[in-house]
2 protein chains.
Amino acid sequence: MGQPSLMEANAFTEAPDGPSAAGSTANFPLPSARSALGGTPWLDRVPAATLDRLADLAVLHRVPSGSTLFEQAEIPSFAQLLVSGSVALLGVSGTAETLIELVRPIDLLLPAAVLNRQPFLARARVLEEAHLVLIQAEVFRDALATDHALCLAVLGCLATQFRRQIKLAKTLKLRSAEERVGCYLLGLVQEAAPGVPVRLPMEKRFIAWQLGMARETFSRVLTGMERYGLHISGDVVEVPDAPPLRARFRLDPQIDGPEPILPFSPRRY
Amino acid sequence: MGQPSLMEANAFTEAPDGPSAAGSTANFPLPSARSALGGTPWLDRVPAATLDRLADLAVLHRVPSGSTLFEQAEIPSFAQLLVSGSVALLGVSGTAETLIELVRPIDLLLPAAVLNRQPFLARARVLEEAHLVLIQAEVFRDALATDHALCLAVLGCLATQFRRQIKLAKTLKLRSAEERVGCYLLGLVQEAAPGVPVRLPMEKRFIAWQLGMARETFSRVLTGMERYGLHISGDVVEVPDAPPLRARFRLDPQIDGPEPILPFSPRRY
DNA sequence: CATCGACCTTGATCTGGATCAATGCTGGGT
DNA sequence: ACCCAGCATTGATCCAGATCAAGGTCGATG
């Protein structure tokens, strides 16, 4: 995934509210919709011809932080593939918003709505500047109906999203705020070398949101973590002494484990 | 953890007709695995040959209330199709359980785990005596890899499950306990003739569970609903006067609407 | 009919975490 | 350097809903 040159970024659409439809011209050469599709690991078994077809009318958008990609209740016009950046899906009721999912690349935004031709159940807002491939919904569905390999790939993608959602629900309902933070930090820390300071991957308020608590609560819990031998200053986390942390917070693979998008295969290897 | 009939705790296989296993025996008056598949609306575009193949090694089980169908973290051996009854999916952490989803017929139990060959993220317990078609996981995945129509059908099924999960999360996070109960009752009541008493579709503790609150809270909230012109005695709900209820609780199609399993079709009609 | 076991209800109490309200910190623009 | 806007911290307060603890109701069973 090369960095897109700003030159070609004309596909950029800016729509702080409302759908980001753009009567943009056909695809441009380099970081193109086509190459983004080609660079998507979980699409690697899809025939090139199908990817060509998907990319044909598709556009690659660069969308700045804060933009709204679509509104809750809107009927999908596009299948949107997040190529870089991050997007928050927010359930909306009146004025209140709640985080449903935090989407990271490379993934589809709410494919379920596109497949079923049903309204989106959430609003999508860009958190970190994002690059997206927009594929006409009709084209996407036609391709699914035609190409079995694509169908299997999307099935795998959706299955993974479903499992992530279940894990989310479980951590929220089975653990206290402190446990959620503890496990989150433990997860961060233990995939780095021991003793090496780690930095938080995003702004604290977003992490708090993701963990289902108010920013104030997150802040308080963070300082409280000193109790378990963990020091936080700014966005840097240091773990002079890991054991107490591990003793207090047990990671559960059925909640915390990563949930990668797998290519579908009927049998093991 | 009350279970009425702990005696016959686990399922007994009910081969369609004869006692032997591999009965791909054609239409029998008694419900067979094959006829259950054939009677599943969202499989209606799947070729008969594929259904035959799925049914070939499958068995139809009758499982009493209280039984556990599978455990969290178990690796799926079967794709399980719920044909009648109801099943609760419970997230488990240590001794605590939380309801993830309440599955009603005709639907697959956690297809995502079966597809991705990953451990179940929940325990499945039968609430109301259930009939299930058990299809060998390998057979199921092979069929998916072979039959495009089946793949599309399962995609639709999974998409719907995903959307239900989102709706669940939204009602839990965006509404108070009273609102959840109000909307639940409103939903029940308004699909019946006005003025006609309605009965709760299941034991109160299960409803409370489904709505994400303690049974005591549910009970209290129920009596509190008199305030909105709604009278409950036992499991019978009477609505002498609907308007106040509707005024207080607004159903949101993005939360409360039904979410039926749709057959996939790329274009409208 | 008396007993028992499952539910449900009702009351009293507790508490995790949200909310409200300042106050600090930091980095970017003129 | 200064100011201002966003974010983070800290403290005080509040409250929805859980939890604990008795009863109450109803149907099945001996």
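Per chain, numbering begins at 1; letters A, B, ... match sequence-line order.
In this structure, B:Val103 and B:Leu82 approach most closely via the heavy-atom pair O-CD2, 3.5 Å.
The distance between atom CE of A:Met202 and atom C1' of D:dC7, rounded to the nearest whole Å, is 14 Å. Residue B:Glu216 contributes atom CD, which lies 15 Å from atom C1' of D:dG24 at whole-angstrom precision. Here D:dT9 presents its C1' atom at 17 Å from CE of A:Met225, a figure rounded to the nearest Å. Going from atom CG of B:Leu222 over to atom P of D:dG17 covers 14 Å, rounded to whole Å. The CH2-P distance, from A:Trp209 to C:dA18, rounds to 14 Å in whole Å. Rounded to an integer number of Å, the gap from A:Met213 CE to C:dA18 P is 7 Å. Here C:dA18 presents its P atom at 11 Å from CG of A:Leu211, a figure rounded to the nearest Å. For the pair B:Asp235 CG and D:dT25 P, the interatomic distance rounds to 17 Å; values are reported in whole Å.
Ring to ring, B:Phe70 and B:Phe78 are not that close: their centroids are 6.0 angstrom or more apart.
At a cut-off of 3.5 angstrom, the base of C:dT9 holds no donor-acceptor pair with the side chain of B:Arg205. A donor-acceptor contact under 3.5 angstrom links the side-chain atoms of B:Arg220 to the base of C:dG11. Side-chain N/O atoms of B:Glu203 and base N/O atoms of C:dC8 include no donor-acceptor pair closer than 3.5 Å.
Contact check on A:Glu178 versus A:Arg248 returns a salt bridge, with a Lys/Arg side-chain nitrogen under 4.0 Å from an Asp/Glu carboxylate oxygen. Electrostatic pairing of A:Lys167 and A:Asp252 does not count as a salt bridge here, judged by no charged N lying under 4.0 Å from a carboxylate O.
Taking CG of A:Leu134 as the start and NE2 of A:His61 as the end, the distance is 5.0 Å to the nearest 0.5 Å.
Closest to the side chain of A:Lys204, out of D:dG17, C:dT9, D:dT9, is D:dT9. Distances were taken from every side-chain heavy atom of A:Ser219 (C-beta onward) to each of C:dT19, C:dT10, D:dT9; the shortest belongs to D:dT9.
A:Leu81 is not listed as a side-chain neighbour of A:Asp107, based on a closest heavy-atom distance of 4.5 Å or more.
Side chains of A:Gln72 and B:Lys170: a donor-acceptor N/O pair is present below 3.5 angstrom, by distance only.
Against DNA chain D, the stretch residues 165-183 of chain B makes heavy-atom approaches under 4.0 Å through B:Ser176, B:Ala177, B:Arg180.
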